[in-house]
Structure formats: structure tokens, C-alpha cells
2 protein chains.
Amino acid sequence: MLNSYSSADKVLLAVDCIIFGFDNEGLKILLIKRDFEPEKGKWSLMGGFLKRDEVLDDAAIRILNTYTGLNDIYMEQLYAYSEIDRDPVERTISVSYYALINIENHNAELIKNYHAQWFSVADAPNLIFDHNEMVQHAIRRLRYRTSIKPIGFELLPEKFTMRQLLELYEAILSKELDKRNFISKINSLEILNKLDEKDMQSSRKGSYLYTFNKEKYEEKLLNDFVLNL
Amino acid sequence: MLNSYSSADKVLLAVDCIIFGFDNEGLKILLIKRDFEPEKGKWSLMGGFLKRDEVLDDAAIRILNTYTGLNDIYMEQLYAYSEIDRDPVERTISVSYYALINIENHNAELIKNYHAQWFSVADAPNLIFDHNEMVQHAIRRLRYRTSIKPIGFELLPEKFTMRQLLELYEAILSKELDKRNFISKINSLEILNKLDEKDMQSSRKGSYLYTFNKEKYEEKLLNDFVLNL
DNA sequence: AATTATTAATGTAGATTTTACACTTAAAGT
DNA sequence: ACTTTAAGTGTAAAATCTACATTAATAATT
């Protein structure tokens with residue numbers, strides 16, 4: 001019988017999380033040093049096994065929480081990896097998820113509780129299993145996402161300057177953008193509130209701070225647009 | 001211990017295949033009438049369980065072959081579905097795949113061997129489990145794909161008219177396209193060979209037949225473009 | 001043989017969008 | 001008051017996109 005449930009093989013199903021962060025040094029990913037075998041001591045994505053009574057989205061949230069203490073992070077499913085020997089211990093299929101978080105808001109907790117560490121995407125260490133591939137895949141997805149949905153709310157501090165937003169986009173797309181063109185394209189999305197307040201850290205003149213207009217931002221999350229940067 | 005392999009739950013991992021076809025009536029999907037419980041007799045995607053020694057891509061190919069006799073169909077992974085009760089018999093996570101095939105080349109075999117049937121995407125029957133959702137998801141993906149990669153090679157006969165190609169795009173995007181603008185945009189991709197031969201079925205005047213330029217087509221498959229139709 | 005009917009094939013002007021590019025301004029520091 | 005630094009701002013040319021109508025080729029009909 002082709003489709004008998006009882007004769008079908010069962011497998012371990014893992015979830016691995018790619019967490020992107022951003023600070024003024026650029027785009028970062030969060031990695032942990034494995035504290036168990038195999039590959040103990042090597043750098044790795046945060047991963048764990050799906051539980052019997054759990055959906056994948058929840059597993060991703062739980063696993064992220066386990067390793068970082070982070071709560072309520074919206075993660076997006078990326079891809080299922082199934083090479084036979086991708087995990088040397090036992091046949092394991094892994095579904096990857098990615099999320100964007102703000103480094104500064106969470107740094108303290110991270111460092112305190114776990115051997116987790118932020119790395120620049122550009123010079124991250126070699127990772128276990130197929131995790132390097134997952135990261136590359138996630139970056140591609142993030143780039144694509146940037147062209148159809150707003151980005152930044154999750155990655156930037158609540159108040160941010162236009163330069164910070166520009167540099168975020170430059171980091172994700174890994175190319176230079178024209179400042180004036182960028183500003184007018186971003187403004188045309190109408191997702192920003194310009195505050196009266198200025199940030200005086202970065203220059204003598206100071207630069208205006210912005211916040212995201214949450215309603216407009218979320219509307220744009222639902223209704224994709226096309227943004228050619 | 002957080003990550004012990006031995007204590008982790010194992011699950012059934014299924015693969016479901018969304019097969020798109022195209023003929024002069026529009027975009028179609030291929031469905032089977034389940035010949036086993038649960039939901040025996042209802043319409044369903046072609047699905048099966050991943051084997052222990054098999055990667056997902058191969059499982060998709062095997063399952064498609066099992067239900068249609070089709071070989072060597074390139075399928076693309078779509079998404080992993082994991083709602084707890086999505087399959088009423090047993091906890092099953094399903095990874096969906098989609099593919100594009102040419103209806104005419106394969107019809108005979110299909111009908112002969114299985115209770116498989118083509119349905120217009122527009123008026124397909126209600127499907128079991130979460131298969132409706134999978135189909136909707138696949139259509140969205142197909143639309144997106146159409147805007148960044150060439151399409152048609154897998155769906156159209158070897159020789160086809162510009163009108164057939166136009167109607168394929170219209171079916172996928174479910175909107176009318178301006179014929180002249182379409183032609184010039186497609187031509188700018190430089191993936192077509194115009195033959196000296198004409199198809200005389202469709203009109204008195206006859207319309208030129210085209211083939212895809214395989215090299216150019218495959219190059220464009222690798223290097224995405226932007227196609228605004 | 002001439003006429004009719006049908007779909008194929010083709011080009012352009014105006015609107016919109018994108019791109020490239022440089023000077024002035026505000027404020028702090030000296 | 002002078003210097004320094006990054007912020008802020010507009011436009012003209014180029015490229016792309018859109019809307020749109022006539023002629024051409026052939027088979028079928030008379």
C-alpha cells in the first residue's frame with residue numbers, strides 16, 4: 001500500500017533560527033557556541049527539535065527564547081533542509097526561520113545567560129552542519145524582502161536618523177545607495193514620522209530623528225509594494 | 001538537557017505536490033481522488049511520506065512519479081505546514097513542492113494509470129486537509145516567480161505562438177496584458193527563437209511559431225531579472 | 001476571381017519614474 | 001568669529017512604461 005501511515009518512517013524535525021541584528025558597524029547575526037556534542041565548542045545557529053504538540057512557528061519562538069531570552073519575536077519560515085547526513089548523529093530535517101531584532105535592546109540578557117555572540121555577517125565564523133548555507137539563504141531572502149516590505153522597525157532603535165536607516169538598507173543590500181534618492185523613495189512610502197527632536201551625536205548640525213508610523217508600517221507589511229533602491 | 005537527540009519526538013514528514021499545467025483553457029492543477037482513508041474519495045494533492053534515506057527533493061520527484069508516471073520534473077520547495085491536526089490520523093508535517101508541466105505531453109499516461117485529473121485553478125474542487133491553502137500559496141509563489149524568472153518552457157509545447165505565451169502569462173497573473181507591450185517586454189529578454197514556420201490553426205493569416213532559446217533561458221533562470229508586466 | 005472575415009503584426013508620443021549630481025545650512029568646537 | 005562636520009535639499013536628462021489603432025496575410029465564401 002502506497003500510503004500507509006504505519007509503515008512510514010519518522011524523522012527528527014529540527015528548527016534553526018537565523019537572527020539578524022543591526023548596529024552602526026553593520027548587519028550582524030547571532031550565533032552560539034555549541035555546548036553539547038556533536039561539534040561541541042563550534043559556532044552554530046540556535047536550533048532545537050520540534051515537539052510533538054507544537055507547530056513550527058512556535059518551535060522557532062521557543063528555541064529562540066531558550067537561547068536568548070527573547071520574547072515575541074516574529075519569525076518567518078525560510079526553507080527545509082534534508083540532506084541525508086546533514087546531521088551526523090541522526091537523520092534530521094531542519095526547517096530554518098529568520099528574524100530581525102534590535103541588538104541594543106537585548107544585548108545584556110544574551111551575554112548574561114548564554115554563550116551567544118553577535119558577528120558581522122561579513123566575517124562570521126564557519127558554522128556547523130549546513131548552517132552556513134542557511135545563513136546565505138536567509139540573506140538572499142532578506143534582500144528580497146527589503147524590496148517588497150518595509151524594514152527597520154525590528155532592527156532600529158525607536159528613534160533613528162535617516163542616516164541609520166540608509167545604512168541599514170546599505171548593509172542588507174550590500175551596496176551603496178544615493179542619499180537623496182534614498183530619502184525621497186523612503187518618504188514616498190509614507191511610513192515615517194519626522195520628530196522635532198534632533199540627534200546631536202553624529203554631527204555638529206544634528207540630524208532629525210524619526211520614528212516609524214506603526215499603522216502605515218503594518219499596512220505596508222500586509223500590502224507589498226515595489227521599492228527599487 | 002536541552003538538545004538530546006534521544007529524547008526528541010519524531011514525526012511523520014510528508015511531501016505534497018502542486019502540479020501546474022496550462023492549455024488553451026487556462027491554468028490548471030492536477031489532483032487525485034484519494035483511494036485510501038482518511039478522506040477516501042475526496043480530491044487531494046499528490047502526497048506521500050518522506051523515506052528515511054531520501055532527501056525532500058527526491059521524495060517530491062518520487063511521489064509525483066508514483067501518481068503520474070512523470071519523470072525528471074524539476075520541482076521547487078514551497079513551504080512546511082505543521083498545524084497540529086492538519087492530518088487527522090497522525091501528527092504529520094508536510095513540505096509542499098510545486099512544478100510546471102505540459103499537459104499534452106503527459107495526459108494519456110495520467111488518465112490511464114490513475115484517478116488523476118486536471119482542474120482549472122479557478123474552479124477546482126475543495127481539497128482535503130490544508131491542501132487548498134497550499135495551492136493558494138503556490139499560486140502566489142508562481143506569480144512572484146514569473147516576475148523574476150522566465151516561464152513557459154515547462155508549460156508550453158516545444159513550438160508555440162506569441163499568443164499562447166501571452167495567455168499563459170495572463171492566466172498566471174490573472175490579469176489582462178497589453179499585447180504589444182507584452183511582446184516588446186518578452187522580446188527584450190531575448191529568450192525566444194522566432195521560427196520561419198507558422199501555426200495556421202488559430203487564424204487565416206497564421207502566426208509565427210517560437211521556441212525557447214535554451215541557453216539564454218537557462219542563463220536567465222540563474223540570474224534573476226525584473227519583469228514588470 | 002473577387003470579396004469577406006479573422007487574427008497577426010507592428011510603432012510612437014506622452015507620462016512617469018529613475019538616475020546622477022553639488023551646494024547651502026546649522027551648530028559645536030576652537 | 002572662524003572652522004569643521006555632517007545634514008538637508010532640487011533638478012534636468014535619461015530610461016522606462018503606458019495607452020492606443022492601423023495594416024497585413026491568408027483561408028473561406030461567393
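Throughout, protein chains are lettered first and strands after them, A, B, ... in sequence-line order, and every chain is numbered starting at 1.
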When the distance from [atom1] of [X] to [atom2] of [N] is rounded to whole Å, what number comes out?
X        : N      : atom1 : atom2 : result
A/Met162 : D/dT9  : CE    : C1'   : 12 Å
B/Lys175 : D/dT18 : NZ    : C1'   : 12 Å
A/Phe182 : D/dG8  : CZ    : P     : 13 Å
B/Ile186 : D/dC17 : CD1   : C1'   : 15 Å
B/Ile183 : C/dT7  : CD1   : P     : 16 Å
B/Lys194 : C/dA9  : NZ    : P     : 6 Å
A/Gln201 : C/dA28 : CD    : P     : 12 Å
B/Met200 : C/dA9  : CE    : P     : 11 Å

Less than 4.5 Å apart, any side-chain heavy atom of [X] and any of [Y]?
X        : Y        : result
A/Phe212 : A/Lys214 : no
B/Met75  : B/Asp57  : no
A/Lys220 : A/Lys149 : no

Item checked: Axial cation check for A/Tyr208 ring with A/Lys198, 6.0 Å and 45° limits ->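 Relative to the ring axis of A/Tyr208, which defines the angle, A/Lys198 lies inside both limits.
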
Item checked: Distance flag, aromatic centroids of A/Phe160 and A/Phe22, threshold under 6.0 Å ->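 Ring centres of A/Phe160 and A/Phe22 not closer than 6.0 Å.
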
Least distance between heavy atoms, [X] atom then [Y] atom:
X        : Y        : answer
A/Ser203 : A/Gly206 : OG-N, 2.9 Å
B/Trp118 : B/Gly21  : CZ3-N, 3.4 Å
A/Ser96  : A/Met134 : CB-SD, 4.2 Å

Kindly give the atom pairs (protein nitrogen or oxygen, nucleotide nitrogen or oxygen) under 3.5 Å for nucleotides 5-7 of chain D.
| from | atom 1 | to | atom 2 | distance (Å) |
| --- | --- | --- | --- | --- |
| D/dA7 | OP1 | A/Arg163 | NE | 3.2 |
| D/dA7 | OP2 | A/Arg163 | NE | 2.9 |
| D/dA7 | OP2 | A/Arg163 | NH2 | 2.7 |
| D/dA7 | N3 | A/Lys205 | NZ | 2.9 |

Return the polar atom pairs (N/O with N/O) between nucleotides 19-21 of chain C and the protein under 3.5 Å, or none.
| from | atom 1 | to | atom 2 | distance (Å) |
| --- | --- | --- | --- | --- |
| C/dT19 | OP2 | A/Lys185 | NZ | 3.0 |
| C/dA20 | N7 | A/Asn181 | ND2 | 3.1 |
| C/dA20 | N6 | A/Asn181 | OD1 | 3.2 |
| C/dC21 | N3 | A/Arg180 | NH2 | 3.1 |
| C/dC21 | N4 | A/Arg180 | NE | 3.3 |

Item checked: Side chains of A/Ser94 and A/Asp16, donor plus acceptor under 3.5 Å ->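 Per modelled atom types, A/Ser94 and A/Asp16 side chains form a pair under 3.5 Å.
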
